[in-house]
Amino acid sequence: EPEVTQTPSHQVTQMGQEVILRCVPISNHLYFYWYRQILGQKVEFLVSFYNNEISEKSEIFDDQFSVERPDGSNFTLKIRSTKLEDSAMYFCARGGIRQGLGYTFGSGTRLTVV
Amino acid sequence: SQQGEEDPQALSIQEGENATMNCSYKTSINNLQWYRQNSGRGLVHLILIRSNEREKHSGRLRVTLDTSKKSSSLLITASRAADTASYFCATADLPSGGYQKVTFGTGTKLQVIP
């Protein structure tokens, strides 16, 4: 069983629609992260989340993005009004750096905005 | 240049040969990590080396870190076709509490020809 599960694996949405990407990190870690990777490009940091609050966000993470941990287990990334350039793989990760384990990433959600 | 630049960008070798990938970075770090990504899939953590370490081994992987040159290398010995993937270095900045943001490099695409 994967330690970080992301759903859906692939989502196609119309431009302007809202999408919610979900992540279930199976652990008691406090630190969670969202990254994205536009096809063929580098993995970019979006936001880090600690103890139910945003601890850091990048310039990519503008007002159309939000993160929540609504029920203490699921960790969601919401994109309010999708644009074509939001098409990418979105990865959720939980921390493990203190234990020398690096991040544990989910398998990602491929978002296609049409 | 960006934090975490790998070279070469692409590498093609015969099965059985060794593969060496290099990573350079700009700022002070707490640790450096290497990840692997199969095409269209998530990132898998391979190895983490802390700033006070110079070399680390894990199976067929050998990682070196030279903090004076702000560079790291990943060596895969006796490569196999299954090693074909993209490899990313990622630097973790100095921790604030338990939190560390990881910044990914541009990646090296490795192809191992059977």
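Because the structure is a prediction, the values reported are computed rather than measured. Every chain is numbered from 1 and lettered A, B, ... according to where its sequence line falls, protein lines coming before strand lines.
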Spell out, yes or no, whether [X] and [Y] are grouped together once hydrophobic residues are joined by side-chain heavy atoms under 4.5 Å, including indirect joins.
| X | Y | value |
| --- | --- | --- |
| Leu11(B) | Ile113(B) | no |
| Leu75(B) | Val63(B) | no |
| Tyr35(B) | Ile38(A) | no |
| Tyr90(A) | Val44(B) | no |

Q: Identify the residues of residues 82-89 of chain A whose heavy atoms come closer than 4.5 Å to a heavy atom of chain B, ordered by number, or report 'none'.
A: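 Expected list: Met89(A).
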(Q) Only heavy atoms, only distances under 4.5 angstrom. Which residues in residues 8-19 of chain A are near chain B? (A)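 So no residue qualifies.
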Q | Partners meeting side chain to side chain contact (heavy atoms under 4.5 Å, CB included) with Arg22(A) (sequence neighbours left out) | A |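 Per chain and number, Arg22(A) pairs via side chain to side chain contact (heavy atoms under 4.5 Å, CB included) with Thr7(A), Ile20(A), Thr76(A).
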(Q) Once rounded to the nearest 0.5 Å, what's the spacing between atom CG of Leu43(B) and atom OH of Tyr103(A)? (A)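 So the gap between those two atoms works out to 11.5 Å.
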Just wondering, are more than 12 heavy atoms of other shown residues or ligands nearer than 6.0 Å to [atom1] in [X]?
| X | atom1 | answer |
| --- | --- | --- |
| Glu17(B) | CD | yes |
| Arg41(B) | CZ | no |
| Asp62(A) | CG | yes |
| Lys109(B) | NZ | no |
| Arg80(B) | CZ | no |

**Q.** Heavy-atom proximity to chain B below 4.5 Å, by part of Gln37(A)
**A.**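 When you check distances to chain B, only side chain atoms of Gln37(A) fall under 4.5 Å.
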Q. Do Phe91(A) and Gln37(B) have side chains that get closer than 4.5 Å, going by heavy atoms?
A.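 The answer is yes; the side chains approach within 4.5 Å.
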**Q.** Sequence neighbours excluded - disulfide (SG to SG under 2.5 Å) pairs with any residue from residues 23-69 of chain B
**A.**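 Sorted pair list: Cys23(B)-Cys89(B).
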Q: Check whether the ring centres of Phe105(A) and Phe88(B) lie less than 6.0 Å apart, and answer yes or no.
A: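 Ring centroids of Phe105(A) and Phe88(B) are no less than 6.0 Å from each other.
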Q: Look only at the side chain of Tyr33(A) and the backbone of Val102(B), and say whether a donor-acceptor pair between them is shorter than 3.5 Å.
A: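 Side chain of Tyr33(A) to backbone of Val102(B): no pair is present.
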